[in-house]
Amino acid sequence: MGLTTQSLTSFLSATTSACPLGYSTTSKQPKLAAPSSTTSLNLVSTRVRCSLKDEQSRSSFLMDRRDMLMGLGGLYGATGGMLAANADPLVPPDLVDKSACVRATENNIETKCPGTDLLNCCPEYQGKPVTVKNYDFPRTTLRVRKPAQKVANDPVYMNKYKMAVHKMKGLPDDHPWNYYQQAKVHCAFCNDAYHQENGVPLQVHNSWIFLPWHRYYLHFYERILGKLIDDETFALPYWNFDIKEGMTMPTIFLDKTSSIYNERRDMDHYPPVLLDYKYAYTDGDSGLEGDDLVQENLEYLRKAFKMGLPLPELFMGDRVRAGEVADATKSLGQLEAIHNGVHFWVGPKESPHIDMGSFATAARDSIFFCLHSNVDRLWDFYRRRRNYCIEFNDDDWLNSTFVFYDENKEIVKVQVKDSLDINNFCYTYEVSPAPWLDAVPKKKLKTKPKGQLVQVKEFGSEPRALDSVIRVLLTRPKKSRSKEEKEDQSEVLLIEGIEVTDSKEARFDVYVDAPIDSDRAGPDKGDFVGSFVRLPEAVKAMKEKVKKGQFKLGLTGALEENEIEDAEKIVLTLVPRVGNVTIGGVSILLFNNDVSCPYG
């Protein structure tokens, strides 16, 4: 899609103002013309219980799936007595008490747009008498989510999609189905609008809650869109950014006349520019282009899966229980880190990065749901690789409960344990290639290092500002571990005492290598193992009570692939990309793997 110099200049002048695009007082967008109504939008009358055991529900392009009685029910039943019983699952907020939901906060938006309506994220029904029901999962025709670049060539589908969003935007401002009311759901649960009984914010990022909560959020959003066009087969597209053909911003979102267009994006990243998983605002991208960048992205995703298969918290995020703060003390998983990087890449460079660059506003852009459809697909792929074993045999995860406004105009409650089988939701994903599974690990050539060698020391006992590259020497718990030992335990890098001192966006990349002559390192950073990526945080008066954060990355695979398992110590390199970050300490520990789950 081309942009005129005039339109680009106009956009840039708006987004560099103190509060871009007139957001100081209102959150509305102008009304859009309706899509063409020439395409018939028929209600699918065939209603069947959604199950992939029913061969009539199958198609040759649907992802094969094991019987969930083996993958979920059988395992759950067999291990039911072994589940953790901490009795501290997250519980829904109080909807009847009006004071239980307050104005959300986000540091960049608060600074640049004081008084903006964007942070008034409480639902219209907050503080009113409401009835909360258990959700009755739909028993409908199977919905198939397809790649965004494929539906771009399907005018019938695109007209339905645009019509559904157009109707959603045309609903009364206070209607819970309204487009911007739906966006506020994400804001309320991500930016301190809701609090738990002890005053701690209720946060659905940076923990094991991230993937289940967003699966439900997508589901209800999708079902509401289908309801608006009387088509229960309607499914959201997914942005398959994990293949070369999908590593550009989906063109379906670039038509300025469309109801799914949003002008608050980084126009420098419009096609044919390739997505860079390692993008950071001020530091730009990885410096790679073309096939080299594609390969780097695929390798990043391959490593995220490899480190996370035996130890789910590395892929999905840390455990969080009732009364704990997810956005400060917990470690996000690497799938969420990659997802955060895509948020960076889509949103505008200029602070406050509205819309996609902030959790408070991200769901105001329809591309958000396309991104999250692929994140959900990758989680389902991960579960399939683990033979649908339960990631956390822990009641506090399985019984964590959320509330949503559903497609039947009812407030319903749902639990994590019911999100693990997507058959419950009656949707699936059209198969797309997974080239990252076969991405070839980069092996370092063992040559004499070029450039000056520098001495590397231990981190020390005092916190250090990550305002320049930090290189430290780390002692491993054990070298040359056997295959059996690696199957039992993962070697994990633990970075503690992380503080984003201004609560804004932050990113740093992590590399490991073997030392030269026991305590020296050359100019090469070593092997990339992952990134800490965080969008702007909420800022509350209680923030000074919150502990500093931590971050975990698996090292077993990196040490194997780079043939440095026999090293007693490794060189850790932390590369700051954006943000004001302080690190409290680093160490390497052994974490017990989920040995009950066969994976491959």
Side-chain angles (χ1 to χ4, degrees), residues 20-23 25-37 41 104 109 116-126 145 148 151 157-191 193 214 216-231 234-239 250 252-265 343 346-347 354-373 403-411:
L21 301 168
Y23 268 163
T25 58
T26 181
S27 61
K28 290 180 177 291
Q29 286 191 347
K31 297 288 185 181
L32 295 165
S36 169
S37 58
L41 304 178
I109 294 177
T116 177
D117 182 52
L118 285 173
L119 299 176
N120 293 330
C121 297
C122 298
E124 291 298 320
Y125 49 79
Q126 183 71 39
R145 294 177 180 172
V151 301
Y157 172 85
M158 286 307 303
N159 196 65
K160 288 182 179 183
Y161 188 16
K162 294 174 184 178
M163 179 66 77
V165 173
H166 174 80
K167 288 188 173 185
M168 185 179 269
K169 288 184 175 181
L171 292 170
D173 292 346
D174 60 352
H175 195 297
W177 286 0
N178 175 276
Y179 185 84
Y180 301 105
Q181 289 293 333
Q182 283 292 302
K184 287 181 178 182
V185 174
H186 193 260
C187 172
F189 284 94
C190 306
N191 289 81
H214 283 84
Y216 278 119
Y217 185 35
L218 283 177
H219 168 73
F220 289 115
Y221 186 84
E222 182 176 75
R223 292 286 292 164
I224 290 169
L225 288 176
K227 199 86 166 185
L228 288 169
I229 56 172
D230 292 332
D231 185 354
F234 176 79
L236 290 164
Y238 67 89
W239 177 5
I252 63 174
F253 298 103
L254 305 185
D255 177 5
K256 290 184 177 181
T257 67
S258 167
S259 59
I260 59 175
Y261 176 73
N262 186 310
E263 63 183 346
R264 289 171 292 280
R265 303 188 189 123
H343 272 274
V346 174
I354 298 169
D355 283 315
M356 275 288 284
S358 168
F359 286 149
T361 57
R364 297 169 59 85
D365 188 339
S366 294
I367 203 172
F368 167 93
F369 297 95
C370 195
L371 161 63
H372 271 276
S373 288
V403 289
F404 290 92
Y405 195 88
D406 76 354
E407 71 273 21
N408 298 313
K409 299 182 180 180
E410 296 178 327
I411 301 172

Review point. Between Glu124 (side chain) and Asp174 (backbone), is there a donor-acceptor pair under 3.5 Å?
Key: no
Check your understanding: Got a donor-acceptor contact below 3.5 angstrom from the Lys184 side chain to the Asn120 backbone?
Key -> yes
Review point. So, the side chain of Tyr405 versus the backbone of Val185: is there a donor-acceptor pair under 3.5 Å, distance only?
Key: no
Point to revise | Beyond-backbone contact of Lys227 with Asn408, side-chain heavy atoms, under 4.5 angstrom | key: yes
Review point. Which heavy atom of Ala362 sits nearest a heavy atom of His343, and at what distance?
Key: CB-CE1, 3.5 Å
Study note, to complete from the structure: Interatomic distance, CG@Leu218 vs NE2@His214, rounded to 0.5 Å, equals 8.0 Å
Exercise for review: Output the distance between atom SG (Cys370) and atom CH2 (Trp239), rounded to the nearest 0.5 Å.
Suggested key: 8.0 Å
Practice item. List the atom of Ser259, the atom of Lys162, and the distance in Å for their closest heavy-atom pair. Key: OG-O, 2.7 Å
Exercise for review: Could I get the full list of side chain to side chain contact (heavy atoms under 4.5 Å, CB included) partners for Pro123, not counting sequence neighbours?
Suggested key: Cys101, Tyr125, Gln126, Tyr194
Practice item. Please report the closest heavy-atom contact between Ile229 and Met163, naming both atoms and the distance. Key: CG2-CG, 3.9 Å
Exercise for review: Taking the six-membered ring for Trp and the full ring for Phe, Tyr or His, determine whether the centres of His372 and Tyr217 are under 6.0 Å apart.
Suggested key: no
Review point. Any idea which heavy atoms bring Leu228 and Ala164 closest together, and the distance?
Key: CD1-O, 3.8 Å
Exercise for review: Supply the atom-to-atom distance Asn191 CG to Ser358 OG, rounded to the nearest 0.5 angstrom.
Suggested key: 5.5 Å
**Study point:** Shortest non-hydrogen contact between Pro176 and Gln181, atoms and distance
**Key:** O-CB, 3.8 Å
Study note, to complete from the structure: d(Ile354 CD1, Asp365 CG) to nearest 0.5 Å is 12.5 Å
Exercise for review: Could you tell me whether a side-chain N or O of Tyr179 sits under 3.5 Å from a main-chain N or O of Arg364, the two making a donor and an acceptor?
Suggested key: yes
Practice item. Search all heavy atoms of Phe220 against all heavy atoms of Glu407 and return the closest pair with its distance. Key: CD2-OE1, 3.8 Å
Check your understanding: Just how far is it from atom OH of Tyr180 to atom CE of Met168, taken to the nearest 0.5 Å?
Key -> 11.5 Å
Review point. Among Asn262, Val346, Ile367, whose side-chain contact (heavy atoms from CB on, under 4.5 Å) with Phe253 holds?
Key: Ile367
Point to revise | ring-ring contact (aromatic ring centres under 6.0 Å, His included), paired with His186, selected from Phe368, Tyr216, Tyr221 | key: Phe368
Check your understanding: Any donor and acceptor pair, going by atom type alone, linking the side chain of Lys160 with main-chain N or O of Phe234 inside 3.5 Å?
Key -> no
Check your understanding: Would a distance-only check, ignoring hydrogens and angles, find a side-chain to backbone donor-acceptor pair under 3.5 Å from Thr361 to Asp355?
Key -> yes
Review point. Can you tell me how far the CG atom of Leu225 sits from the CD atom of Gln182, to the nearest 0.5 Å?
Key: 8.0 Å
Review point. Does Trp177 reach the main-chain N or O of Asp406 with its side chain, forming a donor-acceptor pair under 3.5 Å?
Key: yes
